[in-house]
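Report on the structure given below.
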Amino acid sequence: MTFNELGLSEKVLQAVEASGYKTPTPIQAQAIPHALAGRDVLGIAQTGTGKTAAFTLPMLSRLEQGRARARMPRTLILEPTRELAAQVEESFIRYGVNHKLNVALLIGGVSFADQETKITRGADILIATPGRLLDFSERGKLLLTGIEILVIDEADRMLDMGFIPDIERICKLVPFTRQTLFFSATMPPEITRLTETFLHNPVRIEVARAASTAITIVQGLVASATGPAKRETLRRLIRDAADFKNAIIFCNRKRDVAVLHKSLQKHGFNAGALHGDMDQRARMASLDAFKTGDVDLIVCSDVAARGLDIPDVSHVFNFDVPTHAEDYVHRIGRTGRAGKSGVAISIVTRADQKHILEIERLIARKIDWLSKETIAELDVEDAPEAPSSPSKGARSRRAPHARDENKRAESSDAPQRGERPAPTRSRRRAEHPHAALAPVEALTEAKTATQAKTATEAKAAPVRRRPAPRPDDDDAPVVGMGDHVPMFLRRPVKAKPTKVAG
DNA sequence: AAAAAAC
């Protein structure tokens with residue numbers, strides 16, 4: 001099967017060919033002919049299945065007839081997050097090189113002015129997140145009465161995010177006669193109801209089960225105590241990762257994204273961050289830096305869990321185990337894409353064990369433990385949230401390592417031989433094909449190399465003076481708000497939730 | 001339990 005057989009226009013086919021694609025994915029092969037024929041499509045597909053091209057390509061073909069009028073876009077694509085919207089815009093730009101179509105991106109967090117100019121000029125393609133779209137619509141700056149094709153992408157995620165009322169409002173603002181392309185990874189009852197209301201006799205296309213995890217992803221669990229010890233566990237995993245290229249690190253909370261990001265930087269890692277409380281420019285900049293390889297680590301909230309298509313992510317680390325099993329599937333799906341192999345490792349504390357069971361049930365398989373010690377052996381209950389008191393067990397075993405890292409952190413502020421520091425990359429391991437499955441050997445082999453390297457770098461670079469590092473306080477200054485924060489702000493807000501009587 | 005999304 002080739003793209004030529006799907007009925008796409010010559011202009012689109014040329015752009016597809018220029019991008020180097022020859023064979024359509026299953027969702028593309030099945031959806032494109034129906035989309036071109038004007039049918040409503042209900043696509044049940046995970047991200048990473050080629051879903052975006054499944055609607056951008058036929059839309060571009062169909063838009064070749066007709067032109068946009070001022071403030072009346074011809075097509076509308078709704079996305080749950082700003083990054084996804086921007087990603088879809090890129091897809092239209094890539095495959096629309098031979099067209100003279102106006103593309104507008106309507107997302108929050110950026111100024112109105114540019115967006116308004118584009119809308120006023122007339123947009124053939126409008127890609128939007130619901131909030132900003134409704135804002136424009138309510139201000140009378142945008143008319144949805146000329147919409148010919150409506151795309152609702154990631155519908156189940158829109159549901160999770162509480163967007164369904166907005167989606168319903170928008171569906172009522174567009175003409176009844178439009179064509180609707182509707183995509184969702186799963187079909188919960190609310191989504192089914194939505195499709196029954198807003199789709200007309202749709203073609204139903206289902207490609208991959210939502211809960212299936214790509215077989216190209218090697219998954220593993222590593223037991224850890226909480227607090228600073230957990231960050232130490234992560235650093236060890238990054239350092240010892242075999243075939244490491246880059247990694248996405250997920251935290252459950254935005255606050256922890258910021259804390260971990262600072263911690264990694266302090267330890268000399270080349271890391272960026274991405275979460276929804278960052279301003280939009282910083283979000284875009286972080287993502288770009290990661291895509292181009294300027295940073296090889298990015299610490300994220302679940303804003304990045306779904307849909308983001310970053311080619312060649314070698315590792316995903318769940319710094320926190322997601323509390324929703326579905327999120328696990330989405331997170332680890334950032335690696336192992338397009339037939340490439342990937343590694344996904346989750347750091348598990350005692351409190352996470354029940355979530356692991358749910359995840360294993362969802363993906364219908366056991367995930368291997370990669371750590372020698374089990375959770376039961378770790379002194380989890382005694383592990384501190386605050387940086388003041390260390391956990392005994394896990395800590396003392398790795399103390400030499402921790403000291404090592406402090407040296408690295410100090411040296412990292414200085415430029416090394418005119419290059420930006422890229423510690424994780426420079427530390428890339430000699431091939432160890434099954435390292436992820438044989439972690440103990442990999443760790444031993446890796447450790448000597450790391451230590452040798454670190455020692456050299458520490459000598460070569462000027463050392464920034466800091467209080468003598470003790471393994472106990474290696475992370476003490478990291479609070480996510482700068483180093484000078486009153487002590488009372490560092491204390492956990494709530495009483496320790498893990499403490500249960502008895 | 002938290003994240004995301006409008007000002």
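In what follows, every chain begins at residue 1, and chains take the letters A, B, ... in the order their sequences are listed.
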Which residues share a side chain to side chain donor-acceptor pair (under 3.5 Å) with R39(A), sequence neighbours left out: none
Sequence neighbours excluded, every pair satisfying side chain to side chain donor-acceptor pair (under 3.5 Å) that has a member inside residues 171-181 of chain A: R62(A)-Q179(A), R178(A)-T180(A)
Other residues, nucleotides, ligands: >12 heavy atoms within 6.0 Å of R69(A) CZ: no
Rounded interatomic separation in angstrom, taking CE from M158(A) and C1' from dA6(B): 15 Å
Euclidean distance, atom CD1 of residue I164(A) to atom C1' of dA4(B) [Å, nearest integer]: 13 Å
Test side-chain contact (heavy atoms from CB on, under 4.5 Å) applied to K118(A) and Q115(A), R121(A), E116(A), the passing residue: R121(A)
Touch class at under 4.0 angstrom, heavy-atom based, for R283(A) against every strand present: sugar-phosphate
Length of the CD-C1' vector between E79(A) and dA4(B), whole Å: 14 Å
Sugar-phosphate only, base, or nothing, as touched by G162(A) at under 4.0 Å among non-hydrogen atoms: nothing
Sugar-phosphate, base or nothing in reach of T323(A), heavy atoms under 4.0 Å: base
Touch class at under 4.0 angstrom, heavy-atom based, for D166(A) against every strand present: nothing
Presence of R82(A) side-chain N/O under 4.0 Å of dA6(B) phosphate oxygens OP1/OP2: yes
Phosphate contact (dA6(B) OP1 or OP2) by T129(A) side-chain N/O below 4.0 Å: yes
Separation of atom CZ in R253(A) from atom P in dA2(B), rounded to whole Å: 5 Å
Sugar-phosphate, base or nothing in reach of N252(A), heavy atoms under 4.0 Å: sugar-phosphate
Separation of dA6(B) C1' from Q280(A) CD (nearest whole Å): 13 Å
